[in-house]
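To keep things clear, I will list the structure first and then write my remarks on it.
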Amino acid sequence: MSGDQPHNDSQIKVDFRANDSHKHKDKHKDKEHRHKEHKKDKEKDREKPKHSNSEHKDSIEKKHKEREKERHKDGSLERLKDGSSEKHKIASLERNKDSSLEKHKNKHKEKDKEKRKEEKIKSSSGDVKVKKEKENGFSSPPRIKDEPNDDSLYTPPKENSKPLKRFRDEDSCDQKPKKIKTEDNKKTKKRKQENEEDIKPKKSKSKSKQNAQADTKKKIKKEEEQKWKWWEEERYADGIKWKFLEHKGPIFAPPYESLPDKVKFYYDGKATKLSPKAEEVATFFAKMLDHEYTTKEIFRKNFFKDWKKEMTSEEKAMITNLSKCDFNEMSQYFKEQSEARKQMTKEEKQKIKVENEKLLQEYGFCVMDNHKERIANFRIEPPGLFRGRGNHPKMGRLKRRIRPEDIIINCSKDSKVPSPPPGHKWKEIRHDNKVTWLVSWTENIQGSIKYIMLNPSSRIKGEKDWQKYETARRLKKSVDKIRNNYREDWKSKEMKVRQRAVALYFIDKLALRAGNEKEEGETADTVGCCSLRVEHIKLHPEMDSQEYVVEFDFLGKDSIRYYNKVPVEKRVFKNLQLFMENKQPDDDLFDRLNTGILNKHLQDLMEGLTAKVFRTYNASITLQQQLKELTNGDDNIAAKILSYNRANRAVAILCNHQRAPPKTFEKSMITLQTKIDAKKDQLADARRDLKSAKADAKVRRDEKSKRMVESKKKAVQRVEEQLMKLEVQATDREENKQIALGTSKLNYLDPRISVAWCKKFGIPVEKIYNKTQREKFAWAIDMADEDYEF
DNA sequence: AGTGCCACTTAGTAGCATATTG
DNA sequence: CAATATGCTACTAAGTGGCACT
C-alpha cells in the first residue's frame, strides 16, 4: 500500500533541517529578548539561498562548499545542517544567561509522592479484586519444572499455520483490556499447564526449595542452548506481566574513596583539605573541568549551591566564590588515573573483565516465569552532577547517592527476595506483577522515578515491541479514513476540532511528536506538536515559487532543533492564520488542544491509536517504500546495503534524528579520500599493465603472455571493485554525517521489513543488525519471510 | 477537563572495546 | 606493536500516555 502515504515524497524532499540547537532562554526572563533573537536567526536563514537554509547562526562559509558537494549526491536526502560545534557555542552563549527559578517543590513533591504511593498500594490491591477475580493474583507458581517441551505444547495444528499473526491481530487491541479475553483455547492453557506441571513434581514444595533451584538452573541451561521463542506462546491477558520473578537486586555505586593527600584543592591560592563529603562533590566538578558545562553560569550556580550543602560550616565560611576554587590538581589526578587504566597490562585488564563478567552473571539476570532473562541496567546510577540537555535550568545540581534505603524491590512473593547490603534495609519490598520493573527509586533532581527493567531481548519488552508494530499496521488499514476525517475537520465550525485536525495533520505528515505540556522552569524549553507556540512557525503565502509554506523552527526532544519549510494545503494555511490571530509569540498555537484531547479523539478513530503511532507507522511505511524504490537487485551487496542505509536515512530525516558529527569526521573523510585517490592511481596502473600485456600478447602470441593478460584483467577488476567499495563507503559516511540511524532502526522500523528485505536480496542479516540488535529482534528474524509486508 | 503520578519508550552520547592501519 | 579509526554498549535524560482523582 504505497499509496497510503501521499506525503512521503514531499516529506523527504522538502525537509531541510538544521540542528544547531540554539536554545531558548528561560521563559520568564526576557521573553521579548528571546523572541527577537529567535527571529534574527530565522531572518538570517531566510537570507540564504534556498539550499543553505539548513545553515544557521554563525554558520560558516567554508563548510558551505562541502555541503554543496554533498548535496548533489542524492537530491532526495537533504543534508542536515553541519556544525554542531556551532551548536555548542551558541548553546553555551545562550545558556549562560542563567536564571534558575529553583522551586522548592522538590521536597514537598517527594513527601507527597510517598504518601500517595502508600495509599495507592493499598487501594490497588483492592482494586484488582474488584476488576476481576484474577487467577491467583500475584502468587506465582512455585518454581518451575523443566521447560515443557515445545512441540508438545504448542498451538494446536489448526491455527498452527499462522499462529502468530492470528492471535496477535486480535490481541493487539487488548491493551485496552479487551476484557478477559475468553481465555480461549489451548494456548492459554499452555501457560497454566506449564505452571501446574511445575508444581506437581515438587511434592512438598517447601522442602524442595533446593531441588527447585537445581531445576531452575538446569532448565535455564537448556534454554540457553535452544533459545526460547516466546513469540510462539500465548501472552498474558489483562495487565499481568509475569507470575514469577526473582532477582538479586541492584549493584550500588562503589563508595567514595578519598583522594590521596598529595592531591590538593586550592581556594584562593591556598591549599586546603576538604572534608570527605565536600571533597567527593568537588571531584564531580573536577572530572568535568574540561567540559563546556562547567563554564555555564547556571551549571556553576547550581553546582555551587548544592556543593555548599555538603560542606562543613568552616568550609562554608571559607569557600564563598566558585571562581576562586582551583580544581586543577584534582582534575589532573583523574586524568592520570584514567591514563594508568589504559596502560594496564593485558592480564590486569583481563582480570577486570572476568570480574565484571562475574557480576554480570550474578546480577545481570533474573528469572521471570521460568526463563532466565537479561536485565538492562542492574547498576544504580552513581552520584554526580546532573547534566541536562539543552538549556536545562537544573544542570549542575548534585545527583545524590542512592542507598538501599531508597530502593523499592519488586519480585514475586514466593521468590527469594534479594538481600540488602549488610547493615542496610530496603525501603520497601513489593510484589506487583502488573508492572515490569524489578527495582525502583526516586531521583532527586526532578523527583521522578527510575527503574531497573529487562533487556530489550526479553520476552516482556519484545512482546510490547511487536505489539507496537502491529498497532502501526492496523493504522495502515485505517489511515485513509483518518486522513479524510481530519481533512473534513479542517472545515469544522468548532475551533477545537479544527485545531485538533491541523495538529493531527502535522503529526501525520511531519512525524512530529505529540507534545505534552511540561512544567515551566523545571526542564529545558522544548515543544512537540500540541505545545507549539506561535513563535515556532512562520507563514509564507508564497516562498520559493511554492504556495502556502509553513516554516517550522523549534527545539524538540533533547533540545534538538527542528527546522523545516513545508508547503501545506491551503485550508491548513488559512487555519493557521486563524489560530495565530491576536496572539503573542509565546502563546500556544493550539490553545484549545492538548495531547489528552488529541489522543482521546484518536482512540475513538481506532482502538489503541495515539499520536506516537503515526511516527511508527510513517517511519515503517517509508522504509518499506524506500527500500522498494532504491534497491536494485543487480547491485552487489555493498551497493544494496548503501540502498538500505539510504532508506534508513530517509526515515531518520523524517523523524529528525540527529547526531553531532563525529569529532574526527573531517579527518577521517580526508583519509578516506586519500585512499580513494591511491586506489584510482592503482587502477590506472593496473589498466596500463593490462594494456601492455595485451600488446605484448599480440606480438608474442604464446600461452604465457595470454595468461598474463588474463591475470591482469582480473587484477583490474579487483581494483575496480575495491575502488567501488571505497566510494560507496565515502558516500554513505558523508550522507550520514549528522544523521543518526540508530534510533529509528531500534525504535521505529518494523524489523520484519528489514528481515524480509535481507531474505529477498540474499543479504545476511548480520550486515544490517549487529549482535545486540539481532537479539532484540530475534522474534522478527525468526518469523518474517521474504514477502512480509508491513 | 485538568492534574499529578507512574510506567514505560525513545533519545543522544561518552567512553570503552575492537578492528584497522602505519 | 602502537596509534588511530570505528563500532558498540552502557548510561541516563527526556519524552509519551494511562489512570486515578477531583
Side-chain angles (χ1 to χ4, degrees), chain A residues 19 21 84 105 109 112-117 119-120 123-124 127 175-177 239 241 288 291 338 341-342 349 352-353 356 376-382 384 386-390 392 394-395 399 410 432 434-437 440 442-443 445-451 453-456 460-461 464-465 468 496 513-519 522-524 526-528 530-531 556-560 592 594-600 602-603 608-613 615-616 655-660 662-665 667-668 671-672 675 729 733 738 740 742-744 746-748 770-773:
Chain A
N19 85 343
S21 337
S84 66
K105 275 179 193 165
K109 239 193 207 166
D112 245 38
K113 271 185 191 170
E114 241 134 273
K115 251 184 241 161
R116 258 168 241 211
K117 226 175 276 162
E119 279 157 36
K120 195 146 196 193
S123 67
S124 78
D127 202 270
Q175 345 166 245
K176 282 281 121 201
K241 304 288 169 50
M288 295 177 72
H291 204 288
S338 86
R341 231 172 300 130
K342 273 183 218 151
K349 281 185 181 167
I352 292 175
K353 212 172 161 188
N356 274 331
N377 54 325
F378 50 93
R379 284 172 213 274
I380 299 283
E381 297 174 17
F386 176 75
R387 304 152 84 121
R389 312 211 180 149
H392 197 117
K394 295 186 173 178
M395 63 170 87
K399 227 173 77 161
N410 193 32
D432 182 355
K434 301 259 208 209
V435 297
T436 65
W437 53 268
S440 75
T442 302
E443 154 266 0
I445 305 289
Q446 324 266 3
S448 65
I449 307 171
K450 302 262 188 167
Y451 303 93
M453 292 183 185
L454 297 192
N455 201 60
I460 212 158
K461 293 289 183 193
K464 200 85 185 292
D465 205 37
K468 172 180 78 188
K496 183 178 130 184
R513 296 189 185 79
N516 281 317
E517 278 122 294
K518 331 201 294 177
E519 242 179 301
E522 298 285 302
T523 61
T526 62
V527 298
C530 293
S531 48
K557 184 179 182 179
D558 293 317
S559 293
I560 296 293
R592 310 286 172 87
N594 61 40
T595 52
I597 295 170
L598 179 64
N599 279 333
K600 195 175 283 167
L602 292 175
Q603 190 60 234
L609 185 60
T610 65
K612 85 198 256 287
V613 178
R615 251 168 102 79
T616 312
C655 294
N656 201 36
H657 290 142
Q658 304 189 20
R659 64 166 182 171
K663 288 189 184 60
T664 54
F665 186 84
K667 216 173 120 202
S668 80
T671 40
L672 190 55
K675 265 194 215 164
Q729 200 187 345
R733 193 185 299 172
Q738 349 185 212
T743 306
S744 49
L746 238 44
N747 299 302
Y748 289 104
N770 68 28
K771 182 155 159 288
T772 323
Q773 296 168 155

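Everything quoted here is computed from the prediction, not taken from an experiment. Here is the naming used below: chain letters follow the sequence lines, and residue numbers restart at 1 for every chain. The figures that follow rest on heavy atoms only: side chains count, while hydrogens, waters and symmetry mates do not.
For A:Arg513, counting side-chain heavy atoms from C-beta on, the closest listed nucleotide (B:dA11, C:dG18, B:dA7) is B:dA11. Nearest to the side chain of A:Asp558, among C:dC11, C:dT12, C:dA14, sits C:dA14. For A:Lys464, the side-chain atoms get nearest to B:dC8 when compared with the rest of C:dG18, B:dC8, B:dG12. Comparing C:dA13, B:dA11, B:dA7 by their nearest atom to the side chain of A:Lys450 picks out C:dA13. Distance from the side chain of A:Asn594 is smallest for B:dG2 among the nucleotides B:dG2, B:dA14, B:dC6. When each of B:dC8, B:dT10, B:dT18 is scored by its nearest atom to the side-chain atoms of A:Tyr748, the top-ranked nucleotide is B:dT10. Between C:dG17, B:dA11, B:dC8, one nucleotide has an atom nearer to the side chain of A:Thr610 than all others, and that is C:dG17.
Proximity of A:His657 to the phosphate of B:dT10: no side-chain N or O atom is located under 4.0 Å from OP1 or OP2. In this model, the phosphate group of B:dC8 is not approached by any side-chain N or O of A:Lys461 to a distance below 4.0 Å at OP1 or OP2. The side chain of A:Lys342 contributes no N or O atom lying less than 4.0 Å from OP1 or OP2 of B:dC16. In this structure, A:Thr436 reaches the B:dC8 phosphate: one of its side-chain N or O atoms is under 4.0 Å from OP1 or OP2. For A:Lys600 and C:dG18, the shortest distance from a side-chain N or O to OP1 or OP2 is not below 4.0 Å. One finds a side-chain N or O of A:Gln446 lying less than 4.0 angstrom from the OP1 or OP2 phosphate oxygen of C:dA14. In this structure, A:Asn516 does not reach the C:dG15 phosphate: none of its side-chain N or O atoms is under 4.0 Å from OP1 or OP2.
Every residue was checked against the side chain to side chain donor-acceptor pair (under 3.5 Å) condition with A:Thr772, not counting sequence neighbours, and none meets it. With sequence neighbours excluded, no residue forms a side chain to side chain donor-acceptor pair (under 3.5 Å) with A:Asn747. The side chain to side chain donor-acceptor pair (under 3.5 Å) search around A:Glu381 returns A:Lys399, A:Lys450, not counting sequence neighbours. Residues that satisfy the ring pair (Phe, Tyr, Trp, His ring centres under 6.0 Å) test with A:Phe378, not counting sequence neighbours, are absent from this structure. The salt bridge (Lys or Arg N to Asp or Glu O under 4.0 Å) check on A:Lys663 picks up nothing, with sequence neighbours excluded. Residues satisfying the salt bridge (Lys or Arg N to Asp or Glu O under 4.0 Å) test with A:Lys342, not counting sequence neighbours, are A:Glu339. Partners of A:Thr610 according to the side chain to side chain donor-acceptor pair (under 3.5 Å) rule, which considers only residues two or more places apart in sequence or in another chain, do not exist here.
Base engagement by A:Tyr451 is indicated by at least one non-hydrogen atom pair under 4.0 Å involving a base atom. At a threshold of 4.0 angstrom between heavy atoms, the contacts of A:Ala611 are confined to the sugar-phosphate backbone, with no base atom among them. Across all strands, A:Lys399 comes closer than 4.0 Å only to sugar-phosphate atoms, never to a base (heavy-atom distances). Nucleic acid contact class of A:Lys557 (heavy atoms, under 4.0 Å, all strands): base. Among the protein residues, A:Pro382 comes within range of the sugar-phosphate backbone only, with heavy atoms under 4.0 Å from sugar or phosphate atoms but none that close to a base. As judged by a 4.0 angstrom heavy-atom cut-off over every strand, A:Asn599 is placed among residues touching the sugar-phosphate backbone only. When heavy atoms are screened at a 4.0 angstrom cut-off, A:Gly515 is found touching the sugar-phosphate backbone but no base atom.
Side-chain N or O atoms of A:Lys518 include none that pairs as donor or acceptor with a backbone N or O of A:Thr523 at under 3.5 Å. Distance alone, capped at 3.5 Å, places no donor-acceptor pair between the A:Asn455 side chain and the A:Lys461 backbone. Checked by atom type and distance alone, the side chain of A:Asn410 never pairs as donor or acceptor with a backbone atom of A:Thr436 at under 3.5 Å.
A donor-acceptor contact closer than 3.5 angstrom links the side chains of A:Arg733 and A:Ser668.
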Any protein N or O atoms within reach of nucleotides 3-9 of chain C? Criterion: under 3.5 Å, listing atom names and distances.
{"from": "C:dA5", "atom 1": "OP1", "to": "A:Lys667", "atom 2": "NZ", "distance (Å)": "3.3"}
{"from": "C:dA5", "atom 1": "OP2", "to": "A:Lys667", "atom 2": "NZ", "distance (Å)": "3.4"}
{"from": "C:dT6", "atom 1": "OP1", "to": "A:Arg733", "atom 2": "NH1", "distance (Å)": "3.1"}
{"from": "C:dT6", "atom 1": "OP1", "to": "A:Arg733", "atom 2": "NH2", "distance (Å)": "2.7"}
{"from": "C:dT6", "atom 1": "OP2", "to": "A:Ser668", "atom 2": "OG", "distance (Å)": "3.4"}
{"from": "C:dT9", "atom 1": "OP1", "to": "A:Thr772", "atom 2": "OG1", "distance (Å)": "2.4"}
{"from": "C:dT9", "atom 1": "OP2", "to": "A:Thr772", "atom 2": "OG1", "distance (Å)": "2.5"}

Set out, line by line, the N/O atom pairs under 3.5 Å between protein and nucleotides 19-22 of chain B.
{"from": "B:dT21", "atom 1": "OP1", "to": "A:Lys675", "atom 2": "NZ", "distance (Å)": "3.4"}

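Between the P atom of C:dG17 and the NZ atom of A:Lys468 lies a distance of 12 Å, rounded to the nearest Å. Rounded to an integer number of Å, the gap from A:Asn747 CG to B:dA11 P is 6 Å. The nearest whole Å value for the distance from the CZ atom in A:Arg379 to the P atom in B:dC16 is 13 Å. C:dT12 atom C1' lies 15 Å from atom CZ of A:Phe378, rounded to whole Å. Regarding A:Glu443, its CD atom lies at a distance of 11 Å from the P atom of C:dT12, rounded to whole Å.
Sequence order on DNA chain B of the closest nucleotides to A:Thr616 and A:Lys496 puts A:Lys496 first from the 5' end.
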